[in-house]
There are 8 protein chains.
Amino acid sequence: MSGRRGIPRAAGEVVPDRGRRERLGLDEAILCESKTEAQLRHILLDASNREETLLLTRLDEGRADRLGSDFPGALDYESVSRTAYFGHVPAPAGPARVAVVSAGTSDVPVCREAVRTLRYHGSECSEVYDVGVAGVWRLMERVEELGAHDVAIAVAGMDAALPSVLAGLVPAFVVAVPTSTGYGAAEGGRTALNALLTSCAPGLVVVNIDNGYGAACAALRLLRVAARS
Amino acid sequence: MSGRRGIPRAAGEVVPDRGRRERLGLDEAILCESKTEAQLRHILLDASNREETLLLTRLDEGRADRLGSDFPGALDYESVSRTAYFGHVPAPAGPARVAVVSAGTSDVPVCREAVRTLRYHGSECSEVYDVGVAGVWRLMERVEELGAHDVAIAVAGMDAALPSVLAGLVPAFVVAVPTSTGYGAAEGGRTALNALLTSCAPGLVVVNIDNGYGAACAALRLLRVAARS
Amino acid sequence: MSGRRGIPRAAGEVVPDRGRRERLGLDEAILCESKTEAQLRHILLDASNREETLLLTRLDEGRADRLGSDFPGALDYESVSRTAYFGHVPAPAGPARVAVVSAGTSDVPVCREAVRTLRYHGSECSEVYDVGVAGVWRLMERVEELGAHDVAIAVAGMDAALPSVLAGLVPAFVVAVPTSTGYGAAEGGRTALNALLTSCAPGLVVVNIDNGYGAACAALRLLRVAARS
Amino acid sequence: MSGRRGIPRAAGEVVPDRGRRERLGLDEAILCESKTEAQLRHILLDASNREETLLLTRLDEGRADRLGSDFPGALDYESVSRTAYFGHVPAPAGPARVAVVSAGTSDVPVCREAVRTLRYHGSECSEVYDVGVAGVWRLMERVEELGAHDVAIAVAGMDAALPSVLAGLVPAFVVAVPTSTGYGAAEGGRTALNALLTSCAPGLVVVNIDNGYGAACAALRLLRVAARS
Amino acid sequence: MSGRRGIPRAAGEVVPDRGRRERLGLDEAILCESKTEAQLRHILLDASNREETLLLTRLDEGRADRLGSDFPGALDYESVSRTAYFGHVPAPAGPARVAVVSAGTSDVPVCREAVRTLRYHGSECSEVYDVGVAGVWRLMERVEELGAHDVAIAVAGMDAALPSVLAGLVPAFVVAVPTSTGYGAAEGGRTALNALLTSCAPGLVVVNIDNGYGAACAALRLLRVAARS
Amino acid sequence: MSGRRGIPRAAGEVVPDRGRRERLGLDEAILCESKTEAQLRHILLDASNREETLLLTRLDEGRADRLGSDFPGALDYESVSRTAYFGHVPAPAGPARVAVVSAGTSDVPVCREAVRTLRYHGSECSEVYDVGVAGVWRLMERVEELGAHDVAIAVAGMDAALPSVLAGLVPAFVVAVPTSTGYGAAEGGRTALNALLTSCAPGLVVVNIDNGYGAACAALRLLRVAARS
Amino acid sequence: MSGRRGIPRAAGEVVPDRGRRERLGLDEAILCESKTEAQLRHILLDASNREETLLLTRLDEGRADRLGSDFPGALDYESVSRTAYFGHVPAPAGPARVAVVSAGTSDVPVCREAVRTLRYHGSECSEVYDVGVAGVWRLMERVEELGAHDVAIAVAGMDAALPSVLAGLVPAFVVAVPTSTGYGAAEGGRTALNALLTSCAPGLVVVNIDNGYGAACAALRLLRVAARS
Amino acid sequence: MSGRRGIPRAAGEVVPDRGRRERLGLDEAILCESKTEAQLRHILLDASNREETLLLTRLDEGRADRLGSDFPGALDYESVSRTAYFGHVPAPAGPARVAVVSAGTSDVPVCREAVRTLRYHGSECSEVYDVGVAGVWRLMERVEELGAHDVAIAVAGMDAALPSVLAGLVPAFVVAVPTSTGYGAAEGGRTALNALLTSCAPGLVVVNIDNGYGAACAALRLLRVAARS
């Protein structure tokens, strides 16, 4: 699929937003699922030439294998979150200021997309899973521990009641992530999304369905604002 | 709007299901909001002639006043629930076996439709209001009290998290009623309805949006089944 | 996918609700379709160590085969309902107090999920299939037989008229399960769900689309309430 | 709102389909609710000048009164159906070949729109109301009577189960009309519409929500086809 | 998947509506896509034992091959319509009284489902394809030919304008079938369905998306009614 | 509602896009229905001070009366379109290059919003109303006349078949405007919108429901582009 | 509507969350639109007795007048935002750390609900209105000024493009509020909501449609977290 | 699948609109995805016999290979756009009057469908990709270049803010194409579509989701109108 003039066709199709980390404190992530493999290969080649690191999201295992072969040793892939780091990403430093919390076992992949995004940007975090409110004692036991964090990323599908209960219990900033877990009236996550938007818990904010990456970016923005104030 | 033969036009338009109490243990209620006043007047006249009692739901205050004037002393109207009893309805006997629980203050009218339906059929109930989960301690304080009932009718709008948390805490049979309280993503109660249908709490059942009457009927069916077993 | 410290990664991702049977009279079921195989294997291993039984739902045949090899003799899989019992589950005792009724042949898998859930919890049931109302005589012939049960789980897709007709004929407690059977305006079961929620039959209650498990849990809650009263 | 040249502004805004009765056996009806009163007055004036009759639908009482004053004696208004005949419309002749059937009392206005449309075109009909399937014996008692008609127009809101049951019992051609009766999950008639479209009853056909006029037109088309064959 | 007592498991899951042809003039068709192959095999075996014929719809090619091997010579499969006749079905007699008309080439499979259903019941029909209104002259050229039929089954996807234009031109009874052809705003046929329901053409009736079978049943009901009148 | 410093509160709430006519050839119109009267008064006062003209859309009659009293002689209001010109707007010059076409009488208000917008910007147009395709001969008679225009603004509600048929007949650029005319499955104009978006007519473009203003702006952009080429 | 024991009926219907300010740093606001006036009066009386302040939202002008008469001098009502302060609320101190930004003039009421909530809790803010992206130079001129704030509450209806563009330009934490401004495809704010949720701008978070109060609560939570770190 | 009389079955299923280029200046394109391969083969054979060229859209790679083998040398397939030219199509002449602009890399396939359609009809165009507004400087740098074109086809998914910003900056005629890029609240392109329809940018017009072909046809219609004026 290379073009007539000997350069990859995908070249003109990608215009990276290079000043973003300076402007916003965040790198642009590469959302892989809607890009062709030729486009992804071009993006990695370009980053490699500039000695830049990249965060790739929604990268399926087959593609990760093929791209990994093209750039040996450069791709650190994690299959649950379907994310990859390209280039050397240092380990996060300092204490965990963000807690990533899930209602159910099925929400873990979205949680781990958030975890990987936070760590890519140098921010450590805690993971607290399977504390949904149908057995509310599981959450109650962890309230004190959760209250020690500045931000809680609360991930829940189906009726998504966890973030509301949590935001009523702890003063941390709560970013809610609805997930597409569930069937029938779950409507692919739409019900969880709407339930979170109509929550009574004051100050709860919401990102797109399954968008662990976006929730992590919100946490990173918040930490940066807090750091400068 | 009377017809050619000197009888009210509405006569042929109503075919009451008279054997229902024998068959199902429940009277047919008259859902007023989609009927004309001529039809309602015909129904009351017919019941009056047969010396039967009636339960009327979704009856607005203006209509209740006008119908009350036509049948002096016969209509016991309650404005919060917008229900009326027609004819003499004895007070309920025995202990409260059903608890009617609301998440918020705005859900009270739907709760009271359930309460009035239960009492019309002779069943006493408890009322526990404004115990939504954004301040979950309000519910926790009442768990023991609620656990003493056979059925809980849990009424909640917006994200409708209350019934899920409740059904995970008490062994009572829980009938959830979503309400149309809320705006925007609440979608007129659709979000509450879907959230309840996708709840993780095992054995939670659901009725239509704002349908306090239906939830009470479910409780009455259950009590009748329990009584015969 | 095991973690750095030599234990399976999935360990921290699952927090079973162990007191549920004592609290609610119901075991927590494992909804398999949104969990990874690593998570399922961890759950079974944990139950095996504790000598507990489990009910698994929405388990496809391939996964059942692979998990069955890992735990020889421990998995009793039934392919129509896509359920499995893990560990020794005694046969149900006593007469059938629940009837599971389907409108069409296509609704049978959902029916059998209910049947398997009931029997897992020790409750026997009757099965009455393909009695939809487009040929209403098929239902009329069975009314007496159905009326002998305390609970009817009525399963129907498309226009889902069966549960309404049934709930108007018998005094049993009727739990309606809409199914995703049908195409076009059936909208994946949404039409059946809405039709059931707006049914005129008094006291009909509804669970999520295709949720045979949930309907069975409702029946079990009811039987437990009836037993203690 | 009259224009510069002394004629009513609405004149150029209406192009009647005058050959329709010859072409299709049906007059064009005037759907009033989305037209201005100036447009309606122009249409009546034009028909009056040409000595033509008209059928007006969805005409509210206030407008009917004002238009009736403009054309004394020419407007035969019926308030339940919100229809009017303009000009002399002869009474229908012959036996009733169409039955108009309703599930509930609230569906009667839609039924009567059908009745008025049929009689406007000279076709007599029977009216059978309030025979919904939550008390299915009410319908069973009328099956023989209904079976004597060539066409049944079956009108139902909420779960709209009546037309399905009916079409499984009688060989008449069944035109189903969903109505906007109901609340919550009734979704303004959308649920009734979808339920009818997914009915198992073979050969059931459907028209728009609350479209009694359209159902009558279908019946008239059928009778005309039957007459020529 | 056979049961414990040596008979096929699927046996109790199917209750054929055997009196349907006498009652309604129509056989019950077997909608195959939501049934298991075990259920289908049981149905064919049962029909074979009773020497009855069957119409099968939505049967994919692989299943047709496997079932055809089980009953050699008994299955007449047509792949465009995905229908099969089981047993000997005589050729239709008499002139074509039904015209099956499509807007586009992509709508042909739905058309042919209608054609096969009509011929199964002994009714001949004409086929007129690809006469959509974006090039309206294609339809105009066929108006006279189409006008010679009693019923037109008009099949169209996307904006589904053809049936409206057609029903304004010919006095035949028009049954419209929306199809799922199209993408984006076509919404899987929902747009075509709604457009047909809101058509201005008087007396147009509609069936479910892609439901060629249902349209044919409506035509057969009509012809039967016309025959007896 | 004026603020503390003696100037109207609304002042800081409005930032007019003053260079728009130079940049785009179009003035910014004032969409009145979501603005407060204080805001509108501020906008008119500001325009009056600058001796600028304004186009106001969706202005109801009561508000037009009150604003007209505040600025005597300055407001040219037209009630069908609910538009007003503020300040002196010269009559359009030259031949009509745009035709505004409606399917039904009920679509005229939207048509006239387009007409008023065109004339405000100096562009004359023709008006051709009530030529919907249920009587397709009405459109056929006007095809030659319509073909003499560069742009056709085709306005239609319900099934919105007119623009598709038109765009297949004439080479003019066709801008389709769906309207909210209709009930039930018309879904407030959503069906018309979707039908237009899925039309087979090549090169048909669409604007928002009832957006006569937007369609006129598209025509004006086109004429400006054509003029410079 | 007072009860049997001489106290207002509404008493048992309200359970205030009194520890909320200590727990979360936020007072519970009183959402008035779904409460009865009896309930509101009870809430104010109770707060008055306890010498507490209250924030009331979505309070229409008529109710504010009547409640103001009951508690003279105690209610500080602002009509654009439809909010009231009950009791003495001190003026906010310190510099503005939050900017409230609107796309259009019609979004100002939602902006002012946020402004009033912030000031109630002692936090000053800047107001920047009518800088939507259809004239993107209006926003570009204000970027430096906006960049000096820690949080931007970006309020926009229709296509809601402003928050995305803004969040790509400034490092502040951006909370987006979709509004119900617009018609047709705006779908009551649903389109703005969805557009914001799918924005490419990293770390953008969203609250419910028209929820200025919730956005302010999120800002207050953030400022509190930043203050303790 | 050939019929009884030895000619391909698909023959009668296709009625090409042969006069379309004369009437409208546009060839009919063949939308391949909903046609059978037999139908496509018939269409190509027919065009080959008449020595006509064809444009095929939505043709997947496997089908293109198989059809290419049947007509060696005749099919010019481009895999990104999934389009093919059949027969000899001359290269476009003249300067680029249309610019095709994308918000993201993922929108390129839709862009290229537009490019291929334009060039098939002899019209050259420019391609400007990945200039979405989350980094608005990328677009600002290209405004002058874009302003030199008569038409801009602006292609964007998710929140689709690009076309609005662009149409506020350049006087070119802007045709917006929403794409199905995105997940969750993107709703398969429905959000992008609605956002474009409610854009504040005056005169923006919209085509169906992913409909690059339709946008190109609109541009071609415009250029033809401009040429004759």
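Keep in mind it's a predicted model, so treat the numbers as computed, not measured.
- Here OH of Tyr183(H) is found 9.5 Å from OG1 of Thr198(G). Values are rounded to the nearest 0.5 Å.
- The ring-ring contact (aromatic ring centres under 6.0 Å, His included) contacts involving residues 209-229 of chain G comprise nothing, where partners must be two or more places apart or lie in separate chains.
- Residue Ala167(H) does not touch chain G at all, counting heavy-atom pairs closer than 4.5 Å.
- At a heavy-atom cut-off of under 4.5 Å, chain G is reached by no residue from residues 170-178 of chain H.
- Scanning for salt bridge (Lys or Arg N to Asp or Glu O under 4.0 Å) contacts around Glu145(G) gives Arg142(G), with sequence neighbours left out.
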Checklist entry - side-chain contact (heavy atoms from CB on, under 4.5 Å) between Arg190(G) and Thr191(H): does it pass, once the steps are laid out? => result CA-CA 9 Å; Arg190(G) 171 61 59 188; Thr191(H) 292; over 6 Å; no
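- Among Gly104(H), Cys200(H), Gly132(H), Ala201(H), the residue making the largest number of heavy-atom pairs under 4.5 Å with chain G is Cys200(H).
- Proximity of Asn194(H) to Asn194(G): side-chain heavy atoms (C-beta onward) are nowhere separated by under 4.5 Å.
- The minimum heavy-atom distance between Leu197(G) and Ala185(H), with the atom names listed, is CB-CB, 3.7 Å.
- Heavy-atom distances place the side chain of Val136(H), and not its backbone, under 4.5 Å from chain G.
- In terms of heavy-atom pairs under 4.5 Å with chain G, the best-connected choice from Ala103(H), Ser199(H), Gly182(H) is Ser199(H).
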Quiz: residues 152-161 of chain G side-chain donor-acceptor pairs under 3.5 angstrom, not counting sequence neighbours:
{"from": "Asp159(G)", "atom 1": "OD2", "to": "Ser164(H)", "atom 2": "OG", "distance (Å)": "2.9"}

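- Comparing Ala195(G), Ala192(G), Ala186(G) by how many heavy-atom pairs each has under 4.5 Å with chain H, the most go to Ala195(G).
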